[in-house]
Structure formats: C-alpha cells, structure tokens
Amino acid sequence: MRFDTRVAFGLFSVALVGFGNVVLADEIDDALGDAATPSVASSSATTAAIDKPTFSPLAINAPFYEQFTPGWDSRWKVSHAKKENDKTGDEEWTYVGQWAVEEPTVLKGIEGDDGLVVKNIAAHHAISAKFDKPIDNKGKALVVQYEVKLQEGLECGGAYLKLLKENADLHAEEFSNASPYVIMFGPDKCGATNKVHFIFKHKNPKTGEYEEKHLKSPPMARISKQSTLYTLIVNPDQTYVIKMDGSQVKDGSLFEDFAPSVNPEKEIDDPEDKKPEDWVEKARIPDPKAKKPEDWDEDASYEIVDEEATKPEDWLEDEPEFVPDPEAVKPEDWEDEEDGDWLPPTVPNPKCEDASGCGKWSKPMKPNPAYKGKWSAPMVDNPDYKGPWAPRKIPNPDYFEDKTPSNFEPMGAIGFELWTMTKDILFDNIYIGHSIQDAEKLQKETFDIKKKFEQEEDAASAPKIPEAPKAPGETTFRENPVTFVKDNLQIFFAAAQKDPVFAVKEFPVVAGGLSLVLSIFIAIFFSLIFSGSSPAPAPKAAAAAAADGKGKAEATSEGSSTESEKPKATRRTSKKAE
C-alpha cells in the first residue's frame with residue numbers, strides 16, 4: 001500500500017485539531033462558514049458601478065466663459081499658420097495638430113461633459129477664440145481659470161493658455177507663436193522643467209518696447225490623470241494669487257516677484273568710471289618688518305628614524321609576508337612552452353596573522369621635533385588699503401516708474417499654442433473675467449463635483465498593494481490551515497533538532513499530534529499484515545475437508561426433505577419438560 005505524503009499531512013491536521021486544541025475546531029467551523037458566505041462588501045466594491053451625475057450647462061455671466069457646449073466650433077478657430085522659428089525668423093513648421101471636443105476617456109467624472117482635446121503627439125497645435133469685446137481690466141481684478149486633464153500624463157509639452165493682445169489685424173486662422181500676447185498662464189513640463197507659467201508682457205513707457213516678465217520660483221505643475229483646476233488672480237493693488245484645485249499655492253507682488261523687474265533701478269553704474277591704477281584692494285599683507293629667526297631650519301625633514309624603537313619579540317623575520325597559494329592549481333590548458341613557467345599566485349602568509357610582522361625588520365619613522373617648514377612673515381593690516389572698488393552711481397537715463405503694472409493692455413482673444421509629446425490633453429470650464437465669486441461658483445458646481453467622482457473611480461481602479469508575507473508561526477488556522485500546519489511542523493522540527501525535550505514541552509500540541517499520527521501509521525501497518533486471508537490448510541486436513549464436503553453434498557442431494565421441513569430443536573426450559 002502506498003502512503004501518500006498528503007495523507008500524512010491530512011492525518012496530522014486531524015490529529016493536531018483533536019489533540020487538546022478545541023479552539024482550532026471552532027476556527028475550522030468559522031473558516032468554513034466564512035468561505036461559504038462570500039463578503040458582500042468586497043464583491044460590491046469591485047463590481048458596483050459608480051453612479052455619476054449628468055452634465056448640464058451652468059449659467060454664468062462673464063466676458064469669456066466656455067464649457068464647450070454645442071456651437072463651440074463657431075467660437076473656436078484652428079490655426080493654419082506656420083510656426084515662426086524664434087532664432088532665425090524662418091517659417092519652418094505648420095500647425096498640423098488636430099483638435100476635438102469630446103468626453104474624457106480616462107476617469108470621467110460627469111456624464112456628457114465635453115472638453116477641448118489635443119489629439120496628436122509630436123505636433124504643433126494652435127487654436128483660438130475671439131472675445132465678444134476686448135477685456136480691459138484697468139482698475140479691476142483679472143481672474144483666469146480653467147481645467148486641465150492630462151489623460152495620459154505629460155511627458156514633454158505645455159498645457160498653458162495665452163490671452164492675446166487686442167489687435168484689429170488679429171486673424172484666428174493666422175494665430176501662431178509670433179502673435180502678441182498679454183498673459184501666458186498654465187502648466188509646462190519637459191525633462192527637469194516642471195512649472196506653472198505666469199508671464200506677462202510689459203510695455204516700456206519710454207521706449208515703447210515690450211518685455212516679458214517671468215514669475216520667479218513658480219509652483220510645480222500637478223501631473224495627474226485627474227482634472228486639475230488652475231486659477232490666476234491679479235488684483236488692482238498689484239498683487240497676484242495662483243491657486244490649484246482651489247487651494248492657494250503662490251502669492252506675491254508684481255513689483256518684487258518677477259524678472260526682469262517691472263521698474264528699472266533709479267541709479268546705475270557709470271560706464272565711463274574706471275578704477276585708478278594705484279587703487280589698493282588688499283586688506284592684509286605680509287609684515288615687512290618681520291625677519292626669519294636665526295635658529296629656523298627650513299631644511300629639516302618632516303620625519304626621522306626612531307632610534308629608540310626595538311624589534312618586537314614575536315616578529316618573524318625569517319618568514320616572508322606572502323607565500324604561494326597552496327590551493328592554486330595549474331590550469332589544464334597552460335602550455336609552458338607558450339605561456340612560460342607557471343607560478344602559483346601568492347597569498348598573505350598565515351603565520352604572520354598572529355605576529356607583529358614578517359620579513360626584514362627596520363626601525364620606523366617618527367615626526368621630527370625640529371621640523372618647522374618654510375618660514376613666512378605674519379600677515380598685518382595693509383596701511384594703504386582702500387576697500388573694494390566700485391564705479392560711481394549716476395541717474396539711470398532709462399528710469400521710469402509704473403505704479404500700476406496690473407493694468408494690462410486690452411485682450412482680444414484666448415489661444416492655445418502648444419507642442420507636446422503627449423496626446424489627449426483636455427481643457428474645460430474656461431473663465432476669464434473680473435469676479436472671484438463667479439470663478440469660485442464655477443469651481444464649486446463643476447470642478448468639485450467632477451473631482452469627487454474622479455477620485456472615487458481612481459481609487460477603485462488602483463491596483464491593490466499585496467500584503468507582506470507573514471513570518472512562520474504568524475499565520476492563524478482561520479487564515480490558512482495548510483500554512484498554519486506547515487509552519488507549526490517546521491518550527492517544531494527546528495526546535496527538536498537542538499533540544500527535543502524543549503520542543504515537546506514548548507509545543508505539546510504538535511508533539512501529541514505527531515504521536516497520534518505515528519500510532520495511526522503503526523495500526524495501519526499491522527492491520528495490513530493480520531487482516532488478510534486465512535492461511536491455507538494442511539494437505540491432510542484439506543483432503544478430509546474435501547471428502548467431508550463431498551459427503552455432505554451427496555447427503556443433501558439424496559435427501560427428500562427440504563430445509564423448511566427439517567424438525568427444529570427446542571430448548572428445554574425445565575426439568576419437568578424432560
């Protein structure tokens with residue numbers, strides 16, 4: 001009979017439960033009950049669909065407001081211009097990138113909510129929409145807010161918008177990187193660059209030239225497949241605020257936080273001023289009165305032989321520091337005629353490990369107390385020192401003071417002029433106006449609702465983090481009966497190899513279970529031996545039995561009475577009956 005190891009494992013499991021551990025039996029019942037009744041919560045979490053709201057347009061009165069509802073293509077025009085090379089001025093690239101208005105394909109928060117989508121990778125995209133009338137924010141706040149959804153992340157490219165300067169010659173079909181803009185705002189990422197642009201063009205009132213003012217230390221863009229809300233507020237008191245998802249991430253002053261500065265310096269260095277030839281800028285010089293002491297020996301060596309040193313008693317002067325490696329073997333393919341005589345590699349002499357040293361001993365070196373090195377005069381204050389030289393200041397002929405840089409020039413259109421290596425960037429819910437309250441209302445009734453469902457779907461679809469494997473002995477019978485039994489066996493046998501008595505005392509249930517299994521094995525073994533067929537009878541007994549059987553058979557065949565007709569014996573119940 002073949003006794004499978006799985007049978008032994010099963011017998012041990014039964015024995016382990018039956019031997020003084022009633023709690024395990026209860027755990028088995030609980031585990032079987034749990035297995036028969038699947039968890040409703042876990043099932044519904046993975047199968048139930050998220051019930052999402054349906055899009056309905058939100059009525060807001062603003063200079064420019066876009067939710068990409070039907071008729072959007074009458075407001076937005078795709079550019080057919082060529083992109084101007086910033087370095088040479090040559091026209092080299094055409095805006096061939098395609099645009100579409102469609103629902104998001106990743107983490108859709110609201111059913112039927114369309115957005116403007118960039119459709120191509122490694123392509124130049126340009127699209128713009130003219131305002132019904134120019135936006136002039138002189139003396140008023142300017143609020144720019146829009147959503148960006150990076151459905152495939154953002155490898156390298158921009159997702160910023162431009163507010164274009166009002167111009168009678170502004171043709172939407174000719175919108176390009178050369179089109180003059182007033183403000184550029186939004187995320188941009190490529191390689192190590194990751195920032196939210198805030199750039200505005202400022203006109204020099206003296207020269208009439210425009211200069212870009214870049215925000216210093218801009219916040220980082222949020223790279224996420226969920227929608228991100230970007231908000232820029234420029235106040236008439238010359239301050240600004242940048243928000244992401246409604247939370248403030250940057251604020252400051254238009255005068256202080258931009259480079260180059262809005263207003264130039266009042267004074268500048270005189271370009272004609274030159275440093276005098278006799279100007280002394282050295283604050284300290286070697287003391288001209290100092291002299292080298294007569295006993296100063298510049299030639300004394302840094303170290304000398306320690307004449308007082310003696311050879312250690314355990315120094316092995318007759319032993320070399322390195323010896324041939326006794327375990328080295330000459331390679332089989334070594335040819336003495338071609339490769340030369342083979343010599344084994346050397347290894348440190350093991351006899352030197354416990355000694356102070358091996359080989360020829362010589363007296364060590366020690367620092368020379370007479371060493372002083374090269375002499376140099378000490379440093380003293382320079383009596384002719386005049387300090388660092390700087391050119392004198394003169395009034396800046398180009399100075400001006402603009403006290404209201406927040407009064408931007410009138411803006412006539414909005415445009416997206418982008419190059420990207422990632423497609424399916426989606427823009428939605430664009431607000432450009434003067435009301436912070438309207439922008440917050442738009443956020444509350446569109447973005448906040450959308451974001452909630454995006455987060456729920458994102459969390460539901462996120463891969464589950466596997467639990468760390470448990471150490472042997474930490475798994476309970478309820479969690480995994482097979483692992484529980486294996487761990488207990490493994491721990492018991494490991495302890496028994498070192499101290500069997502300790503193992504039996506520390507793990508009585510396992511020891512008892514093994515004893516019971518051993519008893520079962522012995523019982524099975526003896527039952528297989530003694531429970532077989534009876535031994536064959538001896539030849540004579542077999543012959544007699546055969547003859548007797550034959551006679552009985554003949555008597556049976558010759559008799560006329562059936563078994564039912566034979567008289568039945570009765571039991572005597574008393575002596576009187578006899």
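Being a predicted model, the structure only gives us computed values, none of them experimental.
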Hey, what's the ring geometry for Phe64 with Phe131, parallel, tilted or perpendicular (30° and 60° as the breaks)?
tilted
Per side-chain hydrogen bond (donor to acceptor under 3.5 Å, both in side chains), Glu66 is matched among Trp72, Tyr431, Trp76, Tyr146 by Trp76
Reported CD1-to-SG distance for the pair Ile121 and Cys156, which is rounded to 0.5 angstrom:
12.0 Å
Does the separation of the ring centres of Phe427 and Phe416 fall below 6.0 angstrom?
yes
First locate atom CG of Leu232, then atom CG of Leu215, and finally report the distance between them rounded to the nearest 0.5 Å.
9.5 Å
Tell me whether the centres of the aromatic rings in Phe408 and Phe200 are closer together than 6.0 Å.
yes
Measuring centre to centre across the rings, with the benzene-like ring taken for any Trp, is Trp419 within less than 6.0 Å of His125?
no
Taking the six-membered ring for Trp, are Phe258 and Tyr240 ring centroids under 6.0 Å apart?
yes
State whether a side-chain donor-acceptor pair under 3.5 Å links His434 with Asn137.
no
Would you say that Glu103 contacts Lys108 through its side chain, given a criterion of any heavy-atom pair below 4.5 Å between the two side chains?
yes
Which residue is it: Lys450, Lys149, Gln151, Lys451? I am looking for the one with a side-chain hydrogen bond (donor to acceptor under 3.5 Å, both in side chains) to Gln226.
Lys451
Glu409 and Lys201 ion-paired at < 4.0 Å:
no
Consider only side-chain N and O atoms of Tyr95 and Glu417, and report whether a donor and an acceptor are under 3.5 Å apart.
yes
